[in-house]
Amino acid sequence: MSIQAIIIAALVVGGVGLFIGFFLGISGEKFKVEVDEREEAILGVLPGNNCGGCGYAGCSGLAAAIVKGEAPVNGCPVGGAPVGAKVGEIMGVAAEEGTRKVAFVKCAGNCEKAKTDYQYTGVEDCASMAFVPGGGAKSCSYGCLGYGSCVKACPFDAIHIVDGIALVDKEVCKACGKCVAACPKHLIELVPYDAKHIVQCSSKDKGKDVMKACSVGCIGCHLCEKNCEHDAVHVVDNVAYIDQSKCTGCGVCAEKCPKKIIL
């Protein structure tokens, strides 16, 4: 190959490269999407976990929604009040005080307290239990299965299986709600961090059936309801539930509970 041919080839390649670069530059300017500076600033103060706990597709989705007025400035459950305050400064509004929440597993039926109908061996996944006899080996059809679907879903390593049931580390939990969505038994609920009393049971069975399946299950005796002076406790579908907005933390319900299932 002659030197002349090499030079011509180099010029052609270089010319094509310059043309493509020029074309891309013009196209970038013409079709670029304008981004609100506030959106970028908000994205800069958000934690960046992209957990989806805010209800949007990651932190960028939340930032865009806040700028559009579709989400509150304190909409990030991971960042909490400190991040909400920073976002509020960017948006020029005051962030409302939000109640810190944590996930809570409404089941105390561990390996010692909950009875089993058979020995299960197979895929250890809670959702898969819908296809096995009785919905799982535990006698209580409402109890925690203990196979860790919630553990796998938690992006913060805040929930673990201990003695056959899921337990949440409230100091690590960010209330993103991933575990709530992952639990097929709907046993996990977001509750106030400083909640004084919570019923650790979800069984809707009648008392006698509960006692056959678990030694600590709520039997729906109504003693907690009858002794609460603040109308904060009610038995619904055979299981007690505490309205945290009314609970004063007096402890009478926990004291009267014969099963000691109110923490």
Side-chain angles (χ1 to χ4, degrees), residues 101-117 120 124-154 158-170 173 175-193 195-225 228 232-247 253-254 256-263:
K101 291 190 175 184
V102 293
F104 179 78
V105 182
K106 298 179 290 183
C107 179
N110 58 27
C111 296
E112 177 186 352
K113 297 169 183 175
K115 298 177 182 178
T116 56
D117 295 330
Y120 171 78
E124 296 192 350
D125 177 75
C126 299
S128 299
M129 292 301 102
F131 304 99
V132 303
K138 280 190 174 180
S139 299
C140 177
S141 60
Y142 297 93
C144 176
L145 295 166
Y147 293 119
S149 291
C150 53
V151 176
K152 299 169 188 174
C154 179
I159 186 167
H160 299 92
I161 302 300
V162 179
D163 197 15
I165 59 173
L167 291 178
V168 177
D169 184 341
K170 63 187 295 186
C173 178
C176 69
K178 292 278 188 176
C179 59
V180 177
C183 179
K185 297 284 187 177
H186 308 294
L187 290 173
I188 307 177
E189 180 183 355
L190 295 181
V191 301
Y193 173 85
K196 302 299 182 183
H197 297 91
I198 313 174
V199 181
Q200 199 175 9
C201 181
S202 296
S203 177
K204 294 179 173 60
D205 288 335
K206 293 183 178 180
K208 62 178 182 178
D209 295 321
V210 172
M211 289 189 288
K212 291 178 182 178
C214 181
S215 62
V216 292
C218 176
I219 57 176
C221 65
H222 291 265
L223 284 176
C224 53
E225 181 179 79
C228 179
V233 190
H234 292 279
V235 175
V236 181
D237 291 334
N238 299 318
V239 63
Y241 182 81
I242 298 176
D243 184 341
Q244 297 298 329
S245 65
K246 295 181 179 179
C247 179
C253 58
K256 295 296 182 180
C257 178
K259 290 295 183 176
K260 304 304 176 187
I261 196 62
I262 303 179
L263 297 184

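Treat the numbers as computed from the prediction; the structure is a model and nothing was measured.
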Enquirer: How far does NZ of K138 sit from CE of M129, to the nearest 0.5 angstrom?
Expert: 12.0 Å

Enquirer: Would you check if C111 and D163 make a side-chain contact, meaning some heavy-atom pair closer than 4.5 Å?
Expert: yes

Enquirer: Where is the tightest heavy-atom contact between A103 and C173, given as atom of each residue plus distance?
Expert: N-SG, 3.3 Å

Enquirer: Distance from I159 atom CD1 to C154 atom SG, nearest 0.5 Å?
Expert: 7.0 Å

Enquirer: With sequence neighbours left out, what residues match Q200 under side chain to side chain contact (heavy atoms under 4.5 Å, CB included)?
Expert: F104, A108, I261, L263

Enquirer: Please name all residues satisfying side chain to side chain contact (heavy atoms under 4.5 Å, CB included) with C253, sequence neighbours left out, ordered by chain then number.
Expert: H197, C224, V233, I242, I262

Enquirer: Return the set of residues passing side chain to side chain contact (heavy atoms under 4.5 Å, CB included) with V162 (not counting sequence neighbours), or none when no residue passes.
Expert: L167

Enquirer: Output all residues satisfying salt bridge (Lys or Arg N to Asp or Glu O under 4.0 Å) with K106, sequence neighbours left out; order by chain, then residue number.
Expert: E189

Enquirer: What's the spacing between C201 SG and L187 CG if we round to 0.5 Å?
Expert: 9.0 Å

Enquirer: Show me the donor-acceptor pairs, under 3.5 Å and distance only, between side chains in residues 139-153 and residues at least two apart or in other chains.
Expert:
residue	atom	partner	partner atom	Å
S139	OG	K115	O	3.2
S139	OG	D117	OD1	2.8
S149	OG	D125	OD1	3.1
S149	OG	C126	N	3.1
K152	NZ	E124	O	3.4

Enquirer: List in chain and number order the residues that pass side chain to side chain contact (heavy atoms under 4.5 Å, CB included) with H186, two or more places apart in sequence or in another chain; answer none if no residue qualifies.
Expert: none

Enquirer: For P192 and Q244, which heavy atoms make the closest approach, and how far apart are they?
Expert: CD-CG, 3.9 Å

Enquirer: Step through the shown structure and confirm whether more than 12 heavy atoms of other residues, nucleotides or ligands are within 6.0 Å of NZ on K259.
Expert: yes

Enquirer: Considering non-hydrogen atoms only, spot the tightest contact between V180 and I188 and give its length.
Expert: CG1-O, 3.5 Å

Enquirer: Run the side chain to side chain donor-acceptor pair (under 3.5 Å) test against K196 and tell me which residues pass, sequence neighbours left out.
Expert: none

Enquirer: Enumerate donor-acceptor pairs with a distance under 3.5 Å from any side-chain N or O in residues 206-221 to protein atoms, sequence neighbours excluded.
Expert:
residue	atom	partner	partner atom	Å
S215	OG	K113	O	3.4

Enquirer: Could you give the distance from CG (N238) to NE2 (H222), rounded to the nearest 0.5 Å?
Expert: 7.5 Å

